[in-house]
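Source: prediction; values computed, not measured.
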Amino acid sequence: MWSGTQIVPADGVDEAIKPWSHTDGLLDYGYLWWVVSAGVADRYPAFAGSYWALGYGGQALAVIPALRLVAVQLVDVREGEERIGSRQFGELLKLIAAAASS
């Protein structure tokens with residue numbers, strides 16, 4: 001939404017966040033979005049329907065509709081420095097979800 005106007009049609013968003021490609025990991029893949037797998041949603045119900053964008057060097061964005069939450073992680077690392085991975089971002093999201101649920 002921008003100034004009360006929906007920019008991307010709702011059906012386009014729905015299609016983009018469907019798990020079109022299934023992986024052996026915690027996230028499946030939609031159209032340019034990582035989608036929380038059914039197994040993760042079963043263990044962590046707050047993450048059901050969540051989707052992520054994961055970028056270079058640990059940049060990440062997670063949309064968690066059940067919590068009405070958008071979390072963004074910006075990382076400034078130089079080449080060769082340790083990077084923050086999606087697993088660490090997931091751990092951070094679990095802590096945020098626990099705090100939001102209490």
- Passing candidate, ring pair (Phe, Tyr, Trp, His ring centres under 6.0 Å) with W52, options W33, F89, W34: F89

Only pairs under 3.5 Å count here: list side-chain donor-acceptor contacts from residues 13-22, not counting sequence neighbours, and write none if there are none.
{"from": "E15", "atom 1": "OE2", "to": "K18", "atom 2": "NZ", "distance (Å)": "2.8"}
{"from": "W20", "atom 1": "NE1", "to": "E15", "atom 2": "O", "distance (Å)": "2.8"}
{"from": "H22", "atom 1": "ND1", "to": "D28", "atom 2": "OD2", "distance (Å)": "3.1"}

- Query: Quick one: CG on L93 to CD1 on I64, what's the gap to the nearest 0.5 Å?
  - Reply: 4.5 Å

Hey, can you pull the donor-acceptor pairs under 3.5 Å for the side chains in residues 36-50, sequence neighbours left out?
{"from": "S37", "atom 1": "OG", "to": "L26", "atom 2": "O", "distance (Å)": "3.0"}
{"from": "S37", "atom 1": "OG", "to": "V40", "atom 2": "N", "distance (Å)": "3.4"}
{"from": "Y44", "atom 1": "OH", "to": "K94", "atom 2": "NZ", "distance (Å)": "3.3"}
{"from": "S50", "atom 1": "OG", "to": "F47", "atom 2": "O", "distance (Å)": "2.9"}

- Message: List the residues meeting side-chain contact (heavy atoms from CB on, under 4.5 Å) with I7, not counting sequence neighbours, and say none if there are none.
- Response: W2

- Query: Looking only at heavy atoms, which two atoms of Q73 and L92 are closest? And how far apart?
  - Reply: OE1-CD2, 4.5 Å

- Query: In the single-linkage hydrophobic clustering (I, L, V, M, F, W, Y; side-chain heavy atoms under 4.5 Å), do V63 and V72 co-cluster?
  - Reply: yes

- Can you name the closest pair of heavy atoms from Y51 and P65 and give their distance? CE2-CG, 4.4 Å

- Item | L27 CG to L54 CG distance, which is reported to the nearest 0.5 Å | 6.5 Å

